[in-house]
Amino acid sequence: MHRIVFLGPPGAGKGTQAATLARSLSIPHLSTGDLLRGAVAAKTPLGLSAEGHIRAGRLVPDSLVLEILGERLARPDAGGGFLLDGFPRNLAQAEALAQRAPLDVVVAFELPMDLLMTRLTGRRTCPKCNTVYNVVTQPPRVTDRCDLDGTPLVQRADDRPEAVGTRLQVYRTETEPLFQYYTTQGILRPIDATGTPAEVASRVRTAVG
Ligand code: AMP
């Protein structure tokens, strides 16, 4: 069974790699960012509470994130393993996860800060299937259209420069301590996240084993 976490700063390519790896291992790709954006789009009470935090680049309160992820983890397809992308993001979340499921491996994406800025501000996303593109490094075949379903691509509100700075700051203070937490448990596998998606994918495969 594979119980995997992808840890790393926003813009490191976790979502792109998670989609590929989850498909090849036949496990669900659970992105709390995608789950939360889905709740915002559906205007559920949880989505309405989360929206302002996401837009500003802050973390959504743990209680809301744990609620939406708990529901998703309880679905039968997650019983045979999962790939978590964007969760946990702080120690409280990591401890809540540990109560629920032991992890096999935490893949830590390492990338210099200046590359993160370019990746985040160039990112475009398909609002229908969540496929991620980059106007500079990974453009779609037809400008501003999803390769898979032709939907017009959008820029996430929190990929605008105003929110990007906050997200990187939050990452440093809240999420980076998890490197130490998982190193202590002996399950952290750092990878170099620079290079093409194919190059990174091969490092991810090696790290997952
Ligand atoms: P992401 O798509 O992973 O970059 O997440 C986008 C935004 O959703 C983050 O900036 C947070 O506002 C929120 N979010 C996603 N995952 C979490 C989490 N595990 N804890 C708190 N907030 C989260």
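Side-chain atoms are counted along with the backbone in the values below, which use heavy atoms only and exclude waters and symmetry mates. Both ligands and their constituent atoms are indexed starting at 1 by order of listing.
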Applying a strict under-4.5 Å side-chain criterion to I, L, V, M, F, W and Y, I'd like to know whether Y182 and L111 cluster together. no

Inter- and intrachain pairs under ring-ring contact (aromatic ring centres under 6.0 Å, His included), touching residues 15-37, at least two apart: none

Looking at R119 and D159, is there a salt bridge between them, counting it only when a charged N and a carboxylate O are closer than 4.0 Å? no

Please determine, by modelled atom types, if S24 and R205 share a side-chain donor-acceptor pair under 3.5 angstrom. yes

Hey, what polar pairs (N/O, under 3.5 Å) does ligand 1 make with protein?
unit_1	atom_1	unit_2	atom_2	d
ligand 1	2 (O)	R37	NH1	3.0
ligand 1	2 (O)	R37	NH2	3.0
ligand 1	2 (O)	R156	NH1	3.2
ligand 1	2 (O)	R156	NH2	3.3
ligand 1	3 (O)	R89	NH1	3.1
ligand 1	3 (O)	R89	NH2	3.1
ligand 1	4 (O)	R89	NH2	3.2
ligand 1	4 (O)	R156	NH2	3.1
ligand 1	4 (O)	R167	NH2	3.3
ligand 1	5 (O)	R89	NH2	3.4
ligand 1	12 (O)	R58	O	2.6
ligand 1	16 (N)	T32	OG1	2.8
ligand 1	16 (N)	G86	O	3.4
ligand 1	16 (N)	R89	NH1	3.0
ligand 1	19 (N)	G86	O	3.0
ligand 1	19 (N)	Q93	OE1	3.0
ligand 1	20 (N)	Q93	NE2	2.9
ligand 1	22 (N)	V60	N	3.0

Do T118 and T137 touch side chain to side chain, with heavy atoms closer than 4.5 Å? no

Flag if over 12 foreign heavy atoms under 6.0 Å of CZ, R55: no

